[in-house]
There are 2 protein chains.
Amino acid sequence: MDLLTQKNIRATTFRKEVLAVFLEHDYAISINTIEKSIGKHDRITLYRTIKTFIEKGILHEVLIPNEEKKLAMCQSECSSDGHQHDHIHFKCEACEEVYCKEVDRVPQLQLEGFKVKSIEINASGICEKCG
Amino acid sequence: MDLLTQKNIRATTFRKEVLAVFLEHDYAISINTIEKSIGKHDRITLYRTIKTFIEKGILHEVLIPNEEKKLAMCQSECSSDGHQHDHIHFKCEACEEVYCKEVDRVPQLQLEGFKVKSIEINASGICEKCG
DNA sequence: ATTTAAAACGCAACATTGTTGCAATTATTT
DNA sequence: AAATAATTGCAACAATGTTGCGTTTTAAAT
Ligand SMILES: [Mn+2]
Ligand SMILES: [Mn+2]
Ligand SMILES: [Zn+2]
Ligand SMILES: [Zn+2]
């Protein structure tokens, strides 16, 4: 069964094309990259598609300071009830791509006086392929 | 001695006003907030001021998914040679502000096959004041 | 103190990124 | 097959960020 149907949205041609672009990459991509990959396209529909995909737990934003906003696919746990990521974002200084990388245990954080509910990590360095 | 002079840029009226806005807040603020705080202002000059401040290690961007871009002051270690932050970003679900929070030890991260050079953490939960 | 040179400012014009309303189209349900 | 609901595509707009250039301000040199 189709991922789109699973997430309770209609599996239209446009959405399948957008999804296909994400499946072709193993790293986070920008809206620009998507636009270049899909042939004819309507910018507005693309923005709405992305918004829907984020709401439904198909995509999530990947924000790195001083970089273009990027998007990447979620794991199966995410849904309209919320996102749940056990992964970090890793920006490689060599290939310059940003990878979503699963980790067994996301490092925890203790902050005196603060109640920490969730944590999100962006690391940088040299990736597996470039190492 | 003035922070601006310390960082080797001219301490103009405009820059001092922008800096003052940051000193009034103990959390990250948006460009919109700055614009509302300084009386008359030129948007272009503000954008250039921010860019300069980031380059000189006075400000850094604070990016949280699905939120307006924010900015916050750096610690003294940052300079045009680079930023060096031993702090995390904490978004409070109650007051909705994002705080830069110093930590004694930033949690480390081991990734099989990856060389981790730096790490950046965004946490969320309930802050000290709201707890 | 005056002159000079560099840096910063302010304006106009533009580029990029993202949103809203609405009519036409497409997908699902009856 | 018809009715219904979701999605699309267009136009128009709003928000965010950039570039060029002449004027003003600042710091340095005389
Ligand atoms: Mn990710
Ligand atoms: Mn910070
Ligand atoms: Zn790499
Ligand atoms: Zn709070």
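Per chain, numbering begins at 1; letters A, B, ... match sequence-line order. Heavy atoms only: backbone and side chains are in, while hydrogens, waters and symmetry mates are out.
- Counting any heavy atom pair closer than 4.0 Å across all strands shown, T12(A) reaches sugar-phosphate atoms only and no base atom.
- Rounded to whole Å, the distance from NE2 on H41(A) to P on dG9(D) is 11 Å.
- Of the inter-residue distances, the one linking I29(A) atom CD1 with I34(A) atom CD1 reads 4.5 Å to the nearest 0.5 angstrom.
- The distance between atom CD1 of I34(B) and atom P of dT16(D), rounded to the nearest whole Å, is 12 Å.
- Both K69(A) and R10(A) sit near DNA chain C, but only K69(A) has its closest nucleotide nearer the 5' end.
- A distance-only check finds no donor-acceptor pair linking the side chain of K7(A) to the backbone of S80(A) [under 3.5 Å].
- Between the C1' atom of dG18(C) and the CD atom of E68(A) lies a distance of 14 Å, rounded to the nearest Å.
- Residue contacts shown for R15(B) are limited to sugar-phosphate atoms, with no base heavy atom under 4.0 Å away.
- Put simply, the side chain of R43(A) and the base of dG9(D) share no donor and acceptor less than 3.5 Å apart.
- Here the P atom of nucleotide dT23(D) and the CD1 atom of I44(B) are 18 Å apart, to the nearest Å.
- Phosphate contact (OP1/OP2 of dT19(C), side-chain N/O of K51(A), threshold under 4.0 Å): present.
- Rounded to whole Å, the distance from CD1 on I50(A) to P on dT19(C) is 10 Å.
- For the pair I9(A) CD1 and dA5(D) C1', the computed distance is 15 Å after rounding to whole Å.
- Atoms NZ (K16(B)) and P (dC9(C)) sit 12 Å apart, rounded to a whole Å.
- Look at CG on L4(A): it is 13 Å from C1' on dT7(D), rounded to the nearest Å.
- There is no side-chain donor-acceptor pair under 3.5 Å between T52(B) and T49(B).
- Between K91(B) and E67(B) there is a salt bridge, since at least one side-chain N of the basic residue sits less than 4.0 Å from a carboxylate O of the acidic one.
- The side chain of N32(A) contributes no N or O atom lying less than 4.0 Å from OP1 or OP2 of dT16(C).
- Across all strands shown, N8(B) has no heavy atoms under 4.0 Å from either base or sugar-phosphate atoms.
- Side chain of E35(B) to main chain of H41(B): no donor-acceptor pair is present (N/O by atom type, distance under 3.5 Å, no hydrogens or angles).
- For Y47(A), a side-chain nitrogen or oxygen approaches OP1 or OP2 of dG18(C) to under 4.0 Å.
- For dG18(C), the base has no donor-acceptor partner in the side chain of R48(A) [N/O atoms by modelled type, under 3.5 angstrom].
- Nearest-nucleotide positions on DNA chain D for T13(B) and T49(A) put T49(A) closer to the 5' end.
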